[in-house]
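Report on the structure given below.
In what follows, chains are A, B, ... by sequence order, proteins preceding strands, each numbered from 1.
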Amino acid sequence: MSKKLFLIDGSAMYYRSYFAFSRNPLINSKGENTSATFGFLNSLLKIIDREHPEYLAIVFDTKEPTFRHKIYEEYKATREKMPDEMAAQFPRLVETLKAANFALLEKDGYEADDIIGTLATRFASDEVDVYIVSGDKDMAQLVNGHVFLYNLKKQDEPEILDRQKIVEKYGVQPEQIIDWLALMGDKSDNIPGVPKVGEVTAAKLLQQFGSIDNLYKNIDAISREALKKNLLAARDQVQIARRLTTIDTNVPIDVKLEDLKFRMWDMETVGPILQELEFRGLANRMKAMSLGQEEAMELRKFNSKDVRYQLIESEEEFDRLLDTLKEQKEFVFDLETSSLDFLEAEIAGISFCWDAGQASYIALGHEPRGLDRNKTLEKLRGVFADPQIRKIGQNIKYDAMIMEQHGVPVKNLYFDTMIASYLINPTGQHNLDYLAEHYLNYKMIPIEDLIGKKGRNQKKMTDLAAGLVYQYACEDADITYRIYQILKKDLKKHGMESLFYELEMPIVHVLMQMEMHGVKVDRKLLEELSDQLGRKIKAIEQKVYQAAGEEFNLNSPQQLGVILFDRLEIHKELGMRKPSKTKTGQYSTSEKTLERYASHPLVADIMEYRKLIKLKSTYLDALPQLINPRTGKIHTSYNQTVTATGRLSSSNPNLQNIPIRTDLGREIRRAFIPSKDDYLILSADYSQIELRIMAHLSGDETMISNFKKNLDIHAATAALIFGISVEEVTADHRRKAKEINFGIIYGMSEYGLANRLNISTDEAKEFIADYFATYPKIGEFMQRMIEEAREKGYVETMLGRRRYLPEIRNPNRQIREFAERTAINTPIQGSAADLIKKAMITIQTFIENVGFPAQMLLQVHDELVFEVQKKRSDEFAKKVKEIMEGAMELRVPLVVECGVGPNWLEAH
DNA sequence: GTGCATTCGTA
DNA sequence: GTACGAATGCACA
């Protein structure tokens, strides 16, 4: 067997690694972006693990110009500079690679390609096969019987290209690659080719003529005149291109094969660096590899000696488990169920883990049999209800709710790995599969292996035999436990213990109560409104079709645009221009665009149609379908780990976007009613919460004093920036001031404000200048947030919630400025989220401690909605107001407005 | 069936 | 100009 020499184009691999993570960069707790280093090492390990090369070298480009620049000044001239943020990671990568013993090569004046070409030519022999890892098709010219291209693929198998595969892939022999590239040019290197000649034409020409020289000798054999003309015109250019694309295989570099011998790294040397980078999984894997046990890092499967997964099917076994469970201070529990909807879900079984590598699965609802469900759950009540035993889980709210649905209350929800991961990096992923790979470098058994792919034929857990499920279920619990051990320490390191244990975990219980209780809606009212709108919509539809002269899909912005502006050309009637086009080249037909053409009766009708159809389809028709037949109520899900800022989100349905701004839309709120006869709806909302938080965070004296005087903040702002008295403030003044106040929270630019207020950029600029003159510390605050993001890599909220902003150093202005706006907005929006969560916990505790006849129903970012017994609603409103206003001590007062009524609409 | 784009509802 | 989720159409498989 030949020995293998791997020659890796390090610069190319570095680029690829960086961009693989650019959407979701890897950031360690120090805020250092480690994406490129991680990706690079990962690729390297993959190769080594798979191929066990005897020799390996990593080759880099240098910054010095090469002989190609001398031949052709424009060489690579159009290539974009490496992003700063990417360049910043390079020294770290080199440091790591050196510590891991890799042979690194570079030489001024030569590209990595040339060095690789030289070494490949020098060392390829009957004894040594050379594999080039580059991704660049230029390298195909080097391929021969002992030189191959090796391309890493995203998943599974790498692609290995030998002579035959090159011919299949490109349509030319390796010896023809140079000519082929020269004919078609290379955009990324700024080498122009022959106009109109791409991969295919170039390959055809070479198949016909063999080489460029021969092609020009027989140029008259080309019948297509245009092609011939282009070829002739580019003749000199093609010769230059040939020289540029030819890889130099005679680079004077003093390297012997023995210098490239791959020697396994020493963990003593790389270990500390990997630890600094916080590459835990990778470090484990490298350790395993260095010990010569490549498979070891695959976490042991159920049947291996270190993992004990147990299926519990008999009462005796269960009783033994229960006895041990009772002695634990903490355990992971995880349910397998028949459905993701907690009201529908049947329990298939429960897995437990309190020691890494050991887990048990209690089969309760499998085919053909399992333990008696009710009896077993009854026996488990004690441990679940025991507040001394800490419960750990992944997305524990779901499991706990199902237990409660089955009559088993769960006390002491101590640790949710999903939430912990969310706090460490809110913009990342938090599903168990991802966490397992990220923290443990372990690939979970895919659930599809068990229940099949999504779709009609997907099985339910309860359809399967327990013997098939338990390994999967035990693995879930085991992995969750291992991740828990890591994340627990991480939270401490990040200074997030109180945020986690005192805010996020306690809120889980509150959300559970809200979701399980649900909110009553008046189905009949919704149906009546729907019928009413349905008739109106039909009428408008007919009118529009008449005017258009044909029927089309009014819901399709694409078709609508064509009808309005190509067919009817309504812009001409109005003496206006066509609207701008969207990214995908269709006419914009958004509300904002249509507004401009609204004087046309057809457009006015379409706008009305849009409004009505939206209300009907999104709310009136959707909500009744989500009423649970068992409870007669709507049970939304509150998601605690999706927003980047710390807010909750709501889905299935989203009850955080029920209309309020238009009268017709508001009517939908009339359908949200108490679930009991003698109850009322209470709505409590924070007044100007985000502005108040900004006043607090900035410490701006003027704004603080405005709030302390309990002034109408927008009017007060208007008076100050326009230099008039409060009495002189008109509605228009106030509106403008309000826009600026809001705009500031969003980190707006003068351009944005101008757009919003329909004024010139200069005027907007002036407004903003006046604003900052009025509230000087607000401007300082904004600057400070941007600075903080630059220095630390993240910004944080009042309770220490973080958001990483790697884009803050992005050289692309648009991207960078977006990050700057987020740096301003996130501490404000996120602190408001912290605040209301705190209030929710206190209110829920109050309700439960006192047994108050009230229930929290909804949270809409700055508003809480309850149902409360009529005769005690005043008392409750007072208490809620007191708690919400006292949730945190700020430099400004917090103001909460309460309203009660027979439904959500009238509670406002 | 899945994924993206557009639009529009909320704070 | 921040933060979301849902309905719809449409191009792809």
Output, in order, the C-alpha distance, side-chain angles, deciding distance and verdict of ring-ring contact (aromatic ring centres under 6.0 Å, His included) for A/Y775 and A/Y771. CA-CA 6 Å; A/Y775 301 128; A/Y771 187 92; 5.1 Å; yes
With sequence neighbours left out, the residues meeting salt bridge (charged side-chain N to carboxylate O under 4.0 Å, His left out) with A/K460 are none
Spacing between [X] atom [atom1] and [N] atom [atom2], to the nearest angstrom:
X: A/Y609; N: B/dC8; atom1: OH; atom2: P; result: 13 Å
X: A/Y746; N: C/dT2; atom1: OH; atom2: C1'; result: 6 Å
X: A/Q829; N: C/dC4; atom1: CD; atom2: C1'; result: 9 Å
X: A/L560; N: B/dA5; atom1: CG; atom2: P; result: 20 Å
X: A/I658; N: B/dG9; atom1: CD1; atom2: P; result: 12 Å

How would you label the contact of [X] with the nucleic acid (heavy atoms, under 4.0 Å): base, sugar-phosphate, or nothing?
X: A/N755; answer: nothing
X: A/I689; answer: nothing
X: A/R647; answer: base
X: A/R756; answer: base

Could you measure the distance from the CE atom of A/M703 to the CD1 atom of A/I778? Nearest 0.5 Å is fine. 4.0 Å
Note: A/L655 and A/I658 closest approach over all heavy atoms is O-CG1, 3.7 Å
